[in-house]
Amino acid sequence: MEQYQWILLLLTIFMTGIFFFYHQSPTFSFYCKMFLFNGWIILMATILSPCITLFYGRRVENMKFMHLSILPLKNIYGIKFMVQGSENLNIKKPYVIVSNHQSCLDLLGMLEVMPERCVTIAKKELLYMGPVGWACWLCGLIFIDRKNKKSAMDVMNRVAQIMRQENLRVWMYPEGTRNPEDTLLPFKRGAFHLALKAQVPIVPIVTSSLKCCYSYKEKKLKPGNCTIRILPKIETQGLGLEEVTALAESTRKLMQETFYEISEDLHGEKEMKP
Ligand SMILES: CCCCCCCCCCCCCCCCC(=O)SCCNC(=O)CCNC(=O)[C@H](O)C(C)(C)COP(=O)(O)OP(=O)(O)OC[C@H]1O[C@@H](n2cnc3c(N)ncnc32)[C@H](O)[C@@H]1OP(=O)(O)O
Ligand SMILES: CCCCCCCC/C=C\CCCCCCCC(=O)OC[C@@H](O)COP(=O)(O)O
């Protein structure tokens, strides 16, 4: 046999193996789906980043490229978002969005409802993910070093200074990390310091439990319907910095109640856990 025929034969055996295992093992099919999910993001970032650098440079408007390139993932994986309360985002001025963070699927939900001129606060590690980090930087994401609290706070304080000047909305995950459980983690205070310092409102956005579509523990990724509820803004004008903790607590309580209310598999769950 010629060399290329050997290669074709090996490739066919390899693909048949993948096909076989994909249907035999749920764990293997989960990893295949995750590979495709991350692979798609890396591919899009690799193709688009050089073009965006060349034509636009770093600007918050590039977020629409992220939106367009990530959109197909929603259809590929059959994840449907029902959005409630969109009218609550009809605010012309800057504001801080606080949202719960369950898994990588939150990226799809975030892009589904993200208003114009909105940047996300993200962990610094994302910046080192090659083309993905480059794409995030081009879209204006703001990176914080969670291990270096002082520098993280400095960055946040600078954001507070510029968000009114630049008319920016800021998207934050106050839990500070992904949390697949049904009880929200205690809120970090960065988002609330930001809103109070810039004297802008807070808009809480809650995504219902994603367990119907995704669970890393159970190695599950399947089509499903989720609800995203945008709550009315919480005004911060006139509030002092001494009220940060109370504001963070009351916002968390409101979001936890909303989470139980909109998560179908948690209906009836009323008890508030600490
Ligand atoms: C174009 C093509 C595209 C294709 C490719 C697409 C790529 C797609 C990729 C997209 C990626 C999407 C991005 C998603 C990423 C999401 C994340 O990374 S989430 C993780 C990062 N985010 C956060 O961690 C935010 C939340 N954290 C905080 O807000 C924190 O408060 C903190 C600012 C990091 C500080 O940390 P820490 O000290 O642990 O925080 P606290 O416990 O809250 O505070 C302790 C203490 O300090 C006071 N304080 C907090 N902030 C301030 C401040 N700014 N100024 C003054 N004081 C502050 C706080 O009050 C506490 O004091 P106290 O006395 O105890 O009350
Ligand atoms: C040339 C070097 C190539 C490096 C390749 C790196 C591979 C990167 C793979 C896929 C990139 C997909 C990025 C998806 C981003 C999803 C956002 C997200 O969910 O971030 C997690 C963060 O909110 C919280 O982090 P932790 O829960 O604290 O952890």
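In each ligand, atom 1 is the first atom listed, and ligand 1 is the first ligand listed. We're numbering straight along the sequence, starting at 1. All heavy atoms count here, side chains included; hydrogens, waters and symmetry mates do not.
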I need the nearest protein heavy-atom contact for [atom]: residue, atom name and distance, please.
{"atom": "atom 15 (C) of ligand 1", "result": "A122 CB, 3.7 Å"}
{"atom": "atom 15 (C) of ligand 2", "result": "L126 CD1, 4.3 Å"}
{"atom": "atom 1 (C) of ligand 2", "result": "G130 CA, 4.1 Å"}
{"atom": "atom 26 (C) of ligand 1", "result": "Y173 O, 3.5 Å"}
{"atom": "atom 32 (C) of ligand 1", "result": "A152 CB, 4.6 Å"}
{"atom": "atom 37 (P) of ligand 1", "result": "K149 CD, 3.4 Å"}
{"atom": "atom 60 (O) of ligand 1", "result": "H193 NE2, 2.8 Å"}
{"atom": "atom 40 (O) of ligand 1", "result": "K188 CD, 3.7 Å"}
{"atom": "atom 8 (C) of ligand 2", "result": "M129 SD, 3.7 Å"}
{"atom": "atom 66 (O) of ligand 1", "result": "R189 NH2, 3.3 Å"}

- request: Please confirm whether K74 makes a cation-pi placement over Y77, using NZ or CZ under 6.0 Å from the six-membered ring centre and within 45° of the ring normal.
  value: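 Not satisfied by the 6.0 Å and 45° rule.
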Per-residue contact class, [X] against ligand 1 - non-hydrogen pairs under 4.0 Å:
{"X": "K197", "result": "side chain"}
{"X": "I144", "result": "side chain"}
{"X": "L126", "result": "side chain"}
{"X": "N62", "result": "neither"}

Got a protein heavy atom sitting under 4.0 Å from [atom]?
{"atom": "atom 64 (O) of ligand 1", "result": "no"}
{"atom": "atom 35 (C) of ligand 1", "result": "no"}
{"atom": "atom 10 (C) of ligand 2", "result": "yes"}

query: Going by distance only, is there an N or O of N38 that falls short of 3.5 Å from an N or O of ligand 2?
result: no
message: Evaluate T177 for polar contact with ligand 2, using N/O atom pairs at a separation under 3.5 Å.
response: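 Yes, since at least one N or O of T177 sits under 3.5 Å from an N or O of ligand 2.
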query: Would a 4.5 Å heavy-atom cut-off, applied to side chains only, mark D106 and S99 as touching?
result: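 D106 vs S99: side chains apart.
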statement: Any heavy atom of D106 under 4.0 Å from ligand 2? The part involved is neither
- prompt: If you measure from each non-hydrogen atom of Q102 to ligand 2, which part falls under 4.0 Å: side chain, backbone, both or neither?
  reply: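 Under 4.0 Å from ligand 2, Q102 contributes no heavy atoms.
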message: As a test of understanding, state which of I121, I144, N148 forms a side chain to side chain contact (heavy atoms under 4.5 Å, CB included) with V155.
response: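 So, applying the side chain to side chain contact (heavy atoms under 4.5 Å, CB included) to V155 and each of I121, I144, N148, only I144 qualifies.
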- request: Answer yes or no for E125: is there a heavy-atom contact with ligand 2 below 4.0 Å?
  value: no
query: Which atoms from ligand 1 have a heavy atom of N157 less than 4.0 Å away?
result: 53 (C), 54 (N), 55 (N)
query: When you check the gap from the basic side-chain N to the acidic O, do K150 and D154 get nearer than 4.0 Å?
result: yes
query: Any idea which of K123, H101, R178 brings a heavy atom closest to atom 23 (O) of ligand 2?
result: H101
